[in-house]
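In what follows, a structure is listed as C-alpha cells, so that the remarks can point back to it.
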Protein chains: 2
Amino acid sequence: MAEKWVYLFSEGNRDMRNLLGGKGAGLAEMTNAGLPVPPGFTVTTEACLAYFASGNKFPEGMWEQVQKSMKAVEEQTGKKFGDPKNPLLVSVRSGARASMPGMMDTVLNVGLNEETLKGLAALSNNERFAYDSYRRLIALYGRIVKHIDGAPFDEVLNKYKAQTEGGRDTDLTVDMLKDIVQEYKAIYKQQLGVDFPEDVWDQLGQAIEAVFASWFGERAVIYRRINKLPDDWGTGVNVQTMVFGNMGDDSGTGVAFTRNPNTGENKLYGEYLQNAQGEDVVAGIRTPVKIAELQQANPAIYNQFLDLAEMLEKHYRDMQDLEFTVERGKLYMLQTRNGKRTARAAIKIAVDMVNEGLITREEAVDRIEPAQVDAMLHPSFDPEAKQAAAERGDLIAKGLNASPGAATGMAVLDAKRAEAAAKAGNAVILVRPETSPDDVGGMLSSKGVLTQHGGATSHAAVVARGSNLPCVAGCEELDVDPEARQISVNGLVINEGDVISIDGTTGEVFVGAIPTIDVDFAREQDLATLLSWADEIRRLGVYTNADYPRDARRARAFGAEGIGLCRTEHMFFEPERRPFVVSMIMSKTDEERQKYLDKLLPFQREDFEGIFEAMDGLPVIIRLLDPPMHEFLPSRESLIEEVTRLRCTGENPEELAEKEKMLAVVEDMAEVNPMMGLRGCRVGLLHPGLTEMQTRAIFQAGCRQTKKGIDVHVEIMIPLVSHFNELRIQRETLEQVAKQVMQEEGVEIDYMFGTMIETPRGALTAQELAKYAQFFSFGTNDLTQMTFGFSRDDAEGKFLLKYVEDKILPSNPFQSLDQTGVGQLVAWAVENGRKTRPDIELGICGEHGGDPDSIDFFHRVGLKYVSCSPYRVPVARLAAAHAAIRNK
Amino acid sequence: MAEKWVYLFSEGNRDMRNLLGGKGAGLAEMTNAGLPVPPGFTVTTEACLAYFASGNKFPEGMWEQVQKSMKAVEEQTGKKFGDPKNPLLVSVRSGARASMPGMMDTVLNVGLNEETLKGLAALSNNERFAYDSYRRLIALYGRIVKHIDGAPFDEVLNKYKAQTEGGRDTDLTVDMLKDIVQEYKAIYKQQLGVDFPEDVWDQLGQAIEAVFASWFGERAVIYRRINKLPDDWGTGVNVQTMVFGNMGDDSGTGVAFTRNPNTGENKLYGEYLQNAQGEDVVAGIRTPVKIAELQQANPAIYNQFLDLAEMLEKHYRDMQDLEFTVERGKLYMLQTRNGKRTARAAIKIAVDMVNEGLITREEAVDRIEPAQVDAMLHPSFDPEAKQAAAERGDLIAKGLNASPGAATGMAVLDAKRAEAAAKAGNAVILVRPETSPDDVGGMLSSKGVLTQHGGATSHAAVVARGSNLPCVAGCEELDVDPEARQISVNGLVINEGDVISIDGTTGEVFVGAIPTIDVDFAREQDLATLLSWADEIRRLGVYTNADYPRDARRARAFGAEGIGLCRTEHMFFEPERRPFVVSMIMSKTDEERQKYLDKLLPFQREDFEGIFEAMDGLPVIIRLLDPPMHEFLPSRESLIEEVTRLRCTGENPEELAEKEKMLAVVEDMAEVNPMMGLRGCRVGLLHPGLTEMQTRAIFQAGCRQTKKGIDVHVEIMIPLVSHFNELRIQRETLEQVAKQVMQEEGVEIDYMFGTMIETPRGALTAQELAKYAQFFSFGTNDLTQMTFGFSRDDAEGKFLLKYVEDKILPSNPFQSLDQTGVGQLVAWAVENGRKTRPDIELGICGEHGGDPDSIDFFHRVGLKYVSCSPYRVPVARLAAAHAAIRNK
C-alpha cells in the first residue's frame, strides 16, 4: 500500500506541524476544535520531498489520495469539483514548518472554467463576482503556475479601471470583467501557445506542482538563507474550499492579531476589507480599515470572531495571527498561527502572560529571542533634533507605524539598486509604491523601508517587523515613481539618492538626516522584569568589554557584572598623548624610552581610576597593550607619497628630512603580517618598560581608589601568549612591580594575573599555561583568525561572505563561534587548564560573547562568564538563561 | 660523612663521564689501562653544581678531599706540593661531559712560588725552564683566575723578544726571563693591589674556583647555546701533575689523531712541537711540525706512542684525539677522547671500521650525524673558474687545509665587525692573525675563516670543523693587521670589505669571487655505502620538494623516492609568462580571464611533462597555486612612489595613467595580512578557472608522457584548507576536469586527490577532511605560523631569534618542529584522519622534513614519508635511519 501523502483537516492536529506544515496543522487543529473552517486537506511535506527526490514526479498514490480527499470535501460541502451546476472551488496554498510570509505561491479559485463559471454566476446570483473570480484565476494561474509575465494582465486591468469613475477594482462592470476575461485568455494563449486549461483536475494538479516548485523559488531560497532555515524541510500544500469575501457588501476579509503586534497591548488588533479577497489585504493594493470598525458594521460577526480569537489564544497559549473571511454574513476561519510581533510587543506579551497566569517565567524567558531584546535597544531619533527638523518643515509625510525604530539613509526606489547601494557602503532607505516578495533582498540590505500603499499587515510591514527593520507603510501622501526615480509629496520632489529619515515607531517621514540616540533602557520595565527572570535562571556570568568609564557605567546599567576586557591602547591614540607615544616608539635607548613612558603614566593612571570607580565592587580585567607599535605611527604608504612629493618639488627640505626619518622608522617596523608579528606580550618581553608602566598605573590607580573607599578587584591579562615562558617571564616582572607599588602606596588590593587564550598553541598548551595563569580569557576573535588562517580584515571583504552565501561555511565564524574547530580548542583548554589549576577562572571576551549560539556553547563548556559590548549585555543575559534552560 | 667530591684518576673509568667530565673519565680510563698518565685527580661536576647552588662556595668536605688526594699524588710522584726542594707542580683544567674546545679555563704550573721556583731550577738543572714556567704561571693566573688585562704581559714579553736575535720565546735568556718575572709580578701587584700569592694551596683553591666560574663564562655560555648543550651539567676540574715539554730539545708536546681527521685515512695524524708546552700548539702561536717528523727525530718515542694510539682506538672503538708530552725523553699521555673530524672523514672512518670488523653497520649509521652528511654536500669551487682565477694570478696564498669546503665573501678582520656585516646580509670571510674563543661568534656568522697563524689543531681549525665552516689556517704568507683593516701579501694589499675566496679543502686563498658548484654526490662512494645501510634500516620514505625537472633529477640522484611538494607558482614568475599572468589577474570578466589562462596552459603542461619524465615511476605530489595573486603584481609601495613622482613631474601622462590603473588594482587587492588572506584553495574557489587550468595541464602532461612510456603517478594537492567543504568542492570540480582530460587523451593515469594540512582547523577536523582527501601532506611551515601566531617574515627578524637566545623558546620552531604544540596537532590529525580512512597516505612537506629531530618525531607519529629540499635528501635518509634505530 502506498504511503499516506494526504490528510483531511479532520485527520490532523497541531503536533503534526513537521508533516503538515504550520498552516495545515493550524487548520486541522481549528477544524477539530469545531471552529468554522472551510473544509479541505493537506498534501504533506514528505510528499513534497518525495516529489523532488523522484525528479519532480508526484509520489506513488498521492494523486489518487488527492482525488479521494476531494471527494470527502465534496461530501462536506455538498458541492462538486468541476460540476457546472454546483461547482466546488478551492485555494491551493503552501505551508512549511515555519511561516515564510509571502515567500511561496498560492493559487485561488481553482476549479473555475467556462462551464463552472456559469454555475458559479447562477448559484451566487452574481455574475460580476463570478467573472471577477475567473479573471483572478487566469492571472494567478498564468503567473504562478506557468511563470508568464504578469505585466500585460495589469495593463489590461488598469486600462478598464481608467474607464470607470472611481478607478477601483470594485468599480468595474460585469461587461468590463467579461472583456477582461477574454483579453486575459488571449494573453495566456499568446504567451503559452495553448488555451487556459478547462480541465479542473488539470488545474489542481498543476497548482499543487507549482506550490511544490516554489519551495526552491529564488525568494524562498533567499529567505531561508537569511533566516537560517534548512532546505530539506519541504512545504505542505493546503487545498481548501474557497470562501469569498468579494460577494458583496455583506462579505469581506480580514487579518487580525489577538494582541497588538507593535506594542503588545492585550487588545484585538487587525484590519478588515469589505467585499474583497484576502490577497487584496496582504498585497496592500487597497488600504483596509481597522478591525474595530467591523464592530460597528457587523457586531454579531465581530463578537463571534472575538470569542474565537480568545479561545485560540488560550488554546495555543500565545498571541495568534488570524485570517478570516465573511461570505454573505457567515464567518470562516482560514488560518491561525503564533503571530509575529515587534520585540517590544513580544516582551510585553510574555510578561503579561506570566502575570495572567498563562505561562511560567521560564516559558516567558524561553519565548523571547535574543534578537528581539537586541531590537529593543535600537536607537531612536534624538527628540530635540527631530523637533527641530519638524519645525524646519522637514517632516514631509506620515504613514502607518508598521515596524518600530528610526533610520536615516539615502532614498532608493528599487530593490536591486538598494542592494547595490548598500553593498557600496551606503545607508539606504528603500522606498516603494508597495513591496512584493521580490523586494526582500533589497529590504534586508536597507536600514529602513517606506511604502506608499499597504497596511500594518502588508508584506512590507510583516517582513520589516520580522527583521527588526524600521518601516513606515501606507504613506499615501507620497507619489513614488520608481521609473523616474522620484518621490513627489505635496509639491516637493525627492530624488533617488537624497537623504531621508523615517520613524517606524511614529510613522513620520522626514527629508534630511536626523541623529539617533540610545534607548532609555531604565524605562523599559517589561524588559527589566524579563531579564531579572533570566538572571534567576542563568548560570553564566555576563561581563562587558569596556575601555572607558562611560562605557563601563552604561554596561553596568545594562546589568554587566564586571569588565571582561578593558583594552589599554585607546589612551595611546588620544591627541594629547600621541606625541609622547610617537617619541617613545622612536626612542633609540631604554633611557629615552623610559622618559616618555614616565610622561604617559599619569594619563593611564587616570583612565584606570575612572574605570575602577565605575565598577566599584566588581572585577575589572585589564589587557596590557596588544597592537603592534607601528599602528601608532603614520602609514607607510602616506609617508612614501609625501616623501616622494617633497623630494620632487624640493619645497620644504626640513619637512622632508623629518618625514624621511619617520619613514625610515616606519619601514624598519613594517610587517608583512602584523596580526602575527611584534605585538601582544612580545612587545612586553622586548621592551619591559612599557608593560611595567601600565602595571604601575593600574596598581597606583587601584591603591588610590581603594583609599577613597572604592572596592577594587583587578585582573591583569597578558595577551597573545603562545609559550608558557612568555607568560611566566612577564608575570614575574609585572607582579614585582605590582607588589612594589602596593608597598609604596601602603595598600593591598585584590588582584590576579592571567592570560588571553588566543593562539592555537596557547589553547593546546593550556595545561602548562595554567601553572602561571590564575585566569584564562578566551580571545575568540584572534583564535578564530589563526585557527582558520583567516585574516578577518581581508577575509570578510574578499571571500568569507561568499563562503557563507555559497554554504561553504555554515555561518560567519567571526559572528558565531565555529564549535567544531575553534570550539574544540576552547573545550580542550578548559579541560586541561583545570587539570593544572582546578579553580582557574575561565571566561571569554571575543565578539562571540554576545552571540546566542556561542553563549550556549560557552555554557556547555563550563565557563564562568561571557564578556561582550555594553549593548549586547541584555542580549547575553537572556541568551545565557536560554542556555541554562536548553541544557538542563 | 661528606659526599665524595674528588676522585683519583685510579678511582674512575670511562663510564663516569657525567660525574668526572670527558677529560677526567678519559684520564681515569687511561690510567687504569696502564698508560703513562701523570698522576692526578678530578673534582666532580657535582661539586661544581654544588658550588653554584651554595652561592659560590666549595661544598662541605670538598677541600679536605682535594688535600687528601694531593697527598696521594705526592706519594705517587715522590714530589711534594709547595716543597721548596722537590716541588710538585700541577695543571688545573676544566672538563665537562662534552668537549667544549677552548671554551673554559686552564691554569698550568700551579705550585710555583719564589721558593719552589728555586727547587724546580735545581731539580731540573734548568734555571731557564724554571723561570719560563714561573712567568707563564703568573700571566695565566693573573688572566684566568684574577681576570686582569693580559696585554701588559704580552707587551713585556714582546719587548724582550725583540731584543733577541731569533725573536722567539726560546731565544729568551735566563736573565731576560728573570726580569720578565719581576715585571710580571709588578704588573700583577699594580693591577690587583696585592702580591702574587706565595701560598701554593691558595693558588690551587683559587684556580679550581676559576675553572668552576668559567662554566658560566661568556664564551662557554655562547658555545653551549650554539651547540644546544644544557647549563646544568657543570664542569669537572682535573688537577694533574705537570709534565714539561719545554725542558729542552729532548722534550716536546704533541697532539695527534689516530686517523686523519680531514680525510679519514687510517694513518696517525698530528703535530709535534719540540721544547714547548701544550698551549703553544693549541694557541697556534708557534707552527708545529707534522708528527711524522717525530719518527725521524725520536723513533722509540714515536713507536711507543703509535702502539698506545692503536690500543686506545681499539679500546674506544673510535678514532681518538690524543694529547701527549715528552719530558726529557719520557712519554706522558695527557688526554684521549673521541676525535672531532670532518664530515668526509667521519663517514670514511665509519665505513672503514665496519669493513675492519670493528663496528656494525647500524653503529656506523648511528655514529654519523646528519649535519656531517650535510657538510659533505657543501659546494666547492667550480674547477674551471678556479683554474682561471689561478691563471689570472688571483691565487694569493696557500695555508693549511684546516676545514673543508669553499667560500667566497668580503674579508672582515674583526669578529664583532664580521657579525655586524653578516647581520647586514653580507657573505663574510673572517680573517684573523689567529682566533681565540672570543672570536667564536664572529666565526659562526661567517661563511669561512682564514688565519695567519696556527695549525690544523689550532682553535680556528677545531671550531671551523665542528661547525662545518671552510677554514684555511696557518697561512703565514699573509700579514693580517686588524687595526689597519688590511691584509698584506707579497706586496698586494687587501682592504677590509674586499672580496676573497678560500678553499678549505686545499688551503688556497684567492682575491675576488669564484663561483661554487655542487658536490659530485655520485663520486662519494663511502657516503653512498653508508646511506645504503641507512636505507636498510629506515622505515620513513624520503621524498623531495622540487619545482623544476632539474631539481627533481638532482634529488633523485640523492636518493629521493618521490616528489612530496611540487609548487606550481614558479611558472607564474617566469618572464615570458608574466604578462599573461598580470593580464589574467587584471581581467574583469571570467571570459577575459579564461583567455589568458588558455595561454598559460601549454607552459604549465610543459613544466609537468619534464617533472614526470624526471620522476618516471615515482609519485609526484603537485600543489595547486598557493600564494595570493597580488604577489605577481608590482608592490604597492613602488607604485605609490612612481605615481606620486609622475604626477609631480607631469612628464609622462601615458605612463602615469597606466601606473594609476595598476595601482588601483593593487590597492583593491592589498591585504593587511596576506598570509591569511585570499590565497590557497580560496583563490581556486573564487576563480575555478585557474585551478582547472592547472589540473588540465597536469593531466594532459601525465597522459601524454604515459603514451611515451613514462610511468606517471600524480597526486593533486589542494592547499590551505580549513573546512572540508573547500576541499570537497574543489576536488569535485577538478576531478571532473581530470576525468575529462583522460577521456580526451584516451589514457588513464594513476592519480589521487588530497590536501595539505596547514591550518590548525585543518588538523583539528582531519576526521572530516579525510572523507575527501586520499592523502594528507602536513605543511608544517604554515601550521607553525598559525599555531604560534608567528608570521615568519616578521617574527624571525623582530623577536624570534631573541626568544631562542633568551631561552623563551627551546629552539626556532621553523627549524625544528615544536612537538608540544604543532606536533600535537600533527599527531591528532594522523590519528583522526586514519579513523575515517585507514589507508590514508600521510607525509610532511614543510622545511621540518629535513630536520633530524623533526624526522624523529615524524617517524614516531607514523608518517609514510618526509619531503625536503634536494640537498637535504641524504641527510633525511640518515636521520630517518637514526629515528628507526632510536625508537626500536
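First the proteins, then the strands, lettered A, B, ... as listed; each starts at 1.
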Checking heavy atoms, do the side chain of [X], its backbone, both or neither come under 4.5 Å from chain A?
| X | value |
| --- | --- |
| B:Pro813 | neither |
| B:Ala670 | backbone |
| B:Ile729 | side chain |

Worksheet item: Under a 4.5 Å cut-off applied to non-hydrogen side-chain atoms, are A:Cys648 and B:Arg647 in contact?
Response: no
Worksheet entry | B:Met676 vs A:Asp794 side-chain heavy atoms within contact, under 4.5 Å | no
Worksheet entry | Full working for side-chain contact (heavy atoms from CB on, under 4.5 Å) between B:Arg761 and A:Gln824 | CA-CA 9 Å; B:Arg761 198 179 188 283; A:Gln824 201 176 139; over 6 Å; no
Quick one: of [options], who has the most non-hydrogen atom pairs under 4.5 Å with chain B?
| options | answer |
| --- | --- |
| A:Asp782, A:Asp806, A:Thr765, A:Thr759 | A:Thr759 |
| A:Arg679, A:Glu726, A:Glu642 | A:Glu726 |
| A:Thr787, A:Val721, A:Ile640 | A:Thr787 |

Discussion item. If you count heavy atoms of other groups shown closer than 6.0 angstrom to CD of B:Glu658, is the number above 12?
Written reply: no
Worksheet entry | NZ/B:Lys661: more than 12 non-hydrogen atoms of other groups inside 6.0 Å |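 Open.
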In terms of heavy-atom proximity below 4.5 Å to chain B, should [X] be classed as side chain, backbone, both, or neither?
| X | result |
| --- | --- |
| A:Leu678 | both |
| A:Phe724 | neither |
| A:Glu768 | side chain |
| A:Arg636 | side chain |

Worksheet entry | Distance-minimising heavy-atom pair for A:Leu686 and B:Lys802 |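 Closest heavy-atom pair between A:Leu686 and B:Lys802: CD1-CD, 3.7 Å.
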Worksheet item: Between B:Phe788 and A:Arg682, which heavy-atom pair has the shortest distance, and what is it?
Response: O-NH2, 3.1 Å
Worksheet entry | A:Asn673 side chain vs B:Met675 backbone, donor-acceptor pair below 3.5 Å | yes
